[in-house]
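No experiment lies behind these values; they were computed from the predicted model shown. Only heavy atoms go into these numbers, but all of them, side chains included; no hydrogens, no water, no symmetry mates.
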2 protein chains.
Amino acid sequence: MKIGEASRLSGCHIETIRHYERVGILSPTARSESGYRCYTDHHIQQLRFILHARELGFSLDDIRELLSLKEQSDLSCEAVDSITEKHLHGIHNRIRHLESLAGELRRISASCSGGHIAECRILEALGKH
Amino acid sequence: MKIGEASRLSGCHIETIRHYERVGILSPTARSESGYRCYTDHHIQQLRFILHARELGFSLDDIRELLSLKEQSDLSCEAVDSITEKHLHGIHNRIRHLESLAGELRRISASCSGGHIAECRILEALGKH
DNA sequence: CATAAAGTCTGTAACCGTTACAGAGTCAAG
DNA sequence: CTTGACTCTGTAACGGTTACAGACTTTATG
């Protein structure tokens, strides 16, 4: 099938599909006589995999590695687990970071009593560190 | 003072300071005869403001607006509050999003019982959506 | 005073992941 | 045969920062 159908079936934008091929995430396809890319069901599977992993926040580097592990069916799951754990860990860190930001922002925001810029506690708080 | 001292006093990297000027966040400086940028205390204040706001996750566009509001001391705080509230809202959204990602990841990860790639539930779960 | 070292300048490109565009070529239906 | 939909390649944009090359200036040391 051509890239348009691959896009519809996988849910990936056409430009994104070509991008994934360019950066070596998606296996290169055969080409028609006129140079059109020809996708197989396997490519669609890969694209769905990539899409879902991206939705879960995995980096393209992680995904490249997961896809490569996927091909080696006799290996142990260990490496897959490790990537997943590391990613989960990263997410928790980001959540903690954002929560501390939100805390400071709430504190700063609460100190503003709604007067004029000149006495604005928010701007004051942002200025000094 | 020259850019090196401005960098030390503000905590911003030299390249970043020049970048902020280029994109119009930091007021342009006077120049010495040889073309060196000359920073004043006001610039240092601005840089500290930018740095702290960045640490709190404000976008450069937000910061540009906050800095511009800062100059108009007779205005009401309203616009400042609104930017801050919007940002806080965005942070909460991101936290919720990350928490739902973490939830799905934990669920997927727990389904893996540590065998071989061929039966790996993580890879399986990532593939279908 | 000469030279070395440190600092600064500009312009450009890299990073990540994706999207958008221009300009050319190809394919199918009316 | 023409129109429209599709695809190709190559390049650039987004945001925010950092890194580099090559040229220049200033400061410190001999």
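- Contact between the side-chain N/O atoms of A:Thr16 and the OP1/OP2 oxygens of C:dG17 is not found at any separation under 4.0 Å.
- Among the atoms of the strands shown, none is found under 4.0 Å from any heavy atom of A:Phe58.
- Put simply, NE2 on B:His87 is 15 Å from C1' on D:dG15, counting in whole angstrom units.
- A close approach under 4.0 Å does occur between a side-chain nitrogen or oxygen of B:Ser34 and OP1 or OP2 of D:dT26.
- The side chain of B:Glu15 has D:dT18 as its nearest neighbour among D:dC8, C:dG7, D:dT18.
- At whole-Å resolution of the value, CZ in A:Arg8 and C1' in D:dT7 are 12 Å apart.
- Among the heavy atoms of the strands lying under 4.0 Å from B:Ser59 are primed sugar atoms or P, OP1, OP2 only; no base atom is included.
- The 5' end of DNA chain C is approached more closely, in terms of each residue's nearest nucleotide, by A:Val23 than by the other of A:Tyr36 and A:Val23.
- When all heavy atoms of A:Gly35 and A:Arg31 are compared, the pair lying nearest together is O-NH1, 2.8 Å.
- Proximity of B:Arg37 to the phosphate of C:dT10: a side-chain N or O atom is located under 4.0 Å from OP1 or OP2.
- Sequence order on DNA chain D of the closest nucleotides to A:Arg31 and B:Leu60 puts A:Arg31 first from the 5' end.
- Taking atom CD1 of residue A:Ile50 and atom C1' of nucleotide C:dT18, one finds them 13 Å apart after rounding to whole Å.
- In this structure, B:Glu124 pairs ionically with B:Arg121, as a charged nitrogen and a carboxylate oxygen lie closer than 4.0 Å.
- Taking atom CE on A:Met1 and atom P on D:dC6, their separation rounds to 16 Å, with Å as the unit.
- In this structure, of D:dG16, D:dT26, C:dT19, it is C:dT19 that holds the atom nearest to the side chain of A:His19.
- The separation between B:Ile14 atom CD1 and C:dT10 atom C1' is 15 Å, rounded to whole Å.
- At distances below 3.5 Å, not a single donor-acceptor pair connects side-chain atoms of A:Ser7 with backbone N or O atoms of A:Ile3.
- Taking atom CD1 of residue A:Ile3 and atom C1' of nucleotide D:dC6, one finds them 11 Å apart after rounding to whole Å.
- One interatomic measurement links the two molecules: CD of A:Glu5 to C1' of D:dT7, which rounds to 14 Å at whole-angstrom precision.
- Between A:His13 atom NE2 and D:dC6 atom P the separation is 15 Å, expressed in whole Å.
- Counting only distance, with no hydrogens or angles, the side chain of A:His52 and the backbone of B:Ala125 share a donor-acceptor pair below 3.5 Å.
- With hydrogens and angles disregarded, a donor-acceptor distance shorter than 3.5 Å links the side chain of A:Glu119 to the backbone of A:His116.
- Within 4.0 Å (heavy atoms only), A:Arg18 reaches at least one base atom of the nucleic acid.
- Applying the 3.5 Å distance criterion, the base of C:dG17 shares no donor-acceptor pair with the side chain of A:Tyr20.
- OP1 or OP2 of D:dT11 has not a single side-chain nitrogen or oxygen of A:Arg22 nearer than 4.0 Å.
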